[in-house]
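FYI, side chains are in, hydrogens and waters are out, and symmetry mates aren't considered; it's all heavy atoms of this structure. Just so you know, these numbers come straight off a predicted model, no measurement behind them. Counting from 1, the numbers follow the sequence of the chain as shown.
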Amino acid sequence: MAGRAANRRALICAAAGAALALSLAPAVADDGSDLSAQQLAQQAKKNLLDAESVHLKLTDRSAGSAASRTQPTSMDLALDRDGNCVGTMRMGGKGGSVELIKRGKEVWMKPDSAFWKSQVPGPQGDAVAELFKNRYIHGSTKDVMLKGLADTCDLTSFQKQVDSGTSSEGKSLKKGAETTRDGTKVIPLTTTKDGRKAVLYVTSKSPHRLVGATQKGGGTDTALTFTDYDKPVPSATPSPSETVDIGKLQQELQNA
């Protein structure tokens, strides 16, 4: 599960960083209409890197994703720099879904039956799905089986990967006319590379924030939304009666 989660995190970062891999520059104006495409993208990147928390949603309709049980077709995560996270992931190929909660180093995951059966082959998957039905698996970031899922909820890691790109992609950004996206006035910034068209949607008003990003072409079709900048991540955690220790799952898998 850890390696597959790394693929999920890479997918998010690739989509978000498609056109945000720019060198930062100081702001020269507050009005988006007075800024170039590069300046808007630079400010949007800076505000994403400076965010203490964010709520992101990913939809992946890329070729092959719908049939893959190891790639998410959708993700909905609220995460912050303190290692807290709440959200869900839905896999392709009838691979089910899993709820995630992370508070610091503690991790809870609640897969549905389809997820268990797709991840654990044969009759063992049916048995595990029934045994842990509607219950959270509880452990820590030190547990190998949970670490990959926990890493998906790491905002700091996500920000570092967004910041690690080169500045070459930003040179071809083109600024579009102001439009409205989910009730917010935004300015679309477009770039094309290797047959893939990426569009960033940056708020017209200061602070200029990235609220959406799409990438299409070459077998890729992803969409991201970013909301709730700096809004606290929900702090509720499952009660003991709703949880099972990760050791119980490991024991079941070993004894099967």
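Under a 3.5 Å cut-off, the side chain of Thr59 and the backbone N or O of Ser74 do not form any donor-acceptor pair. A donor-acceptor pair is defined here as one N or O able to donate and one able to accept, closer than 3.5 Å; no such pair exists between the side chain of Asp194 and the backbone of Arg196. Using a distance-only test at 3.5 Å, with no hydrogens or angles considered, a donor-acceptor pair links the side chain of Ser36 to the main chain of Gln39. Remark: side-chain polar atoms of Asp80 are paired, donor with acceptor, to backbone N or O of Asp82 under 3.5 angstrom. Looking only at distances, a side-chain donor or acceptor of Ser118 sits under 3.5 Å from a matching main-chain atom of Phe115. Remark: side-chain polar atoms of His208 are paired, donor with acceptor, to backbone N or O of Thr203 under 3.5 angstrom. At least one donor-acceptor pair under 3.5 Å links the side chain of Asp230 to the backbone N or O of Glu52. With Asp228 contributing its side chain and Lys231 its backbone, the two residues share no donor-acceptor pair below 3.5 Å.
No donor-acceptor contact under 3.5 angstrom links the side chains of Thr184 and Asp182, judged on distance only. Judged by distance alone, the side chains of Ser97 and Asp112 do bring a donor and an acceptor atom under 3.5 Å apart. Checking Gln159 against Thr156 by side-chain atom types alone, no donor-acceptor pair falls below 3.5 Å. Side chains of Thr191 and Ser172: a donor-acceptor N/O pair is present below 3.5 angstrom, by distance only.
For the atom pair CD (Glu130) and NZ (Lys117), the distance works out to 8.5 Å, reported to the nearest 0.5 Å. Note that the CG atom of Leu58 and the CG atom of Asp76 stand 10.0 Å from one another [nearest 0.5 Å]. For the atom pair CG (Leu155) and NZ (Lys160), the distance works out to 11.0 Å, reported to the nearest 0.5 Å. The structure places OG1 of Thr243 at 13.0 Å from NZ of Lys248, a figure rounded to the nearest 0.5 Å. Taking NZ of Lys197 as the reference point, atom NZ of Lys216 lies at 8.5 Å (rounded to 0.5 Å). Note: Thr214 OG1 to Arg61 CZ = 11.0 Å, rounded to the nearest 0.5 Å.
A salt bridge between Asp50 and Lys46 is present, with a side-chain N of the basic residue lying under 4.0 Å from a carboxylate O of the acidic one. Under 4.0 Å is where a charged nitrogen must lie from a carboxylate oxygen, and between Lys45 and Asp163 at least one such pair does.
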Next item on the list: Evaluate the criterion side-chain hydrogen bond (donor to acceptor under 3.5 Å, both in side chains) for residue pair Glu178 and Ser204; output intermediate values, then yes/no.
Entry: CA-CA 7 Å; Glu178 183 182 65; Ser204 303; 2.8 Å; yes
Item checked: Derivation and outcome, side chain to side chain contact (heavy atoms under 4.5 Å, CB included), residues Val211 and Thr225 -> CA-CA 5 Å; Val211 294; Thr225 62; over 6 Å; no
Next item on the list: Could you go through the side chain to side chain contact (heavy atoms under 4.5 Å, CB included) check for His138 and Glu106 one step at a time?
Entry: CA-CA 7 Å; His138 177 223; Glu106 288 192 272; 2.8 Å; yes
Margin query: Could you go through Leu189 and Lys174, starting from their C-alpha distance and side-chain angles, then the distance that decides it, and tell me whether this counts as side chain to side chain contact (heavy atoms under 4.5 Å, CB included)?
Written below: CA-CA 5 Å; Leu189 310 175; Lys174 295 182 179 179; over 6 Å; no
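Counting only heavy atoms from C-beta outward, the side chains of Ile101 and Cys85 never approach each other to under 4.5 Å. Within the 4.5 Å cutoff, the side chain of Asp126 has no heavy atoms near those of the Trp116 side chain. Side-chain contact between Thr141 and Lys102 is present, with heavy atoms from C-beta onward closer than 4.5 Å. Counting heavy atoms from C-beta outward, Gln119 and Pro111 have side chains that stay 4.5 Å or more apart.
Taking the six-membered ring for Trp and thresholds of 30 and 60 degrees, Phe226 and Phe158 have nearly parallel ring planes, at less than 30 degrees apart.
Hydrophobic clustering (side-chain heavy atoms under 4.5 Å, transitive across Ile, Leu, Val, Met, Phe, Trp, Tyr) keeps Tyr201 apart from Leu35. Residues Ile137 and Val128 share a hydrophobic cluster, clusters being chains of Ile/Leu/Val/Met/Phe/Trp/Tyr side chains in contact below 4.5 Å. There is a path of hydrophobic side-chain contacts, each under 4.5 Å, that joins Leu224 to Leu100. Cluster membership check: Met75 does not share its hydrophobic cluster with Trp108, using side-chain heavy-atom separations under 4.5 Å among Ile, Leu, Val, Met, Phe, Trp and Tyr. Hydrophobic cluster membership is shared by Leu131 and Leu146, with clusters built from Ile, Leu, Val, Met, Phe, Trp and Tyr side chains linked at under 4.5 angstrom.
When every heavy atom of Ala44 is checked against every heavy atom of Leu210, the shortest pair comes out as CB-N, 3.9 Å. Of all the heavy atoms in Ala114 and Gly96, the pair that sits closest is CB-CA, 3.6 Å. Across all their heavy atoms, Thr152 and Leu79 have their closest contact at O-CD1, 4.3 Å. Listed here is the closest heavy atom pair of Leu173 and Ala37: O-CB, 3.7 Å. Summarising the geometry of Gly87 relative to Leu77, their closest heavy-atom pair is CA-CD2, 3.8 Å, with the distance given to 0.1 Å. Listed here is the closest heavy atom pair of Ser62 and Gly219: CB-O, 3.3 Å.
For Tyr136, the side chain to side chain donor-acceptor pair (under 3.5 Å) partners are Glu99, not counting sequence neighbours. Partners of Asn47 by side chain to side chain contact (heavy atoms under 4.5 Å, CB included), not counting sequence neighbours, listed by chain and number: Pro207, Arg209.
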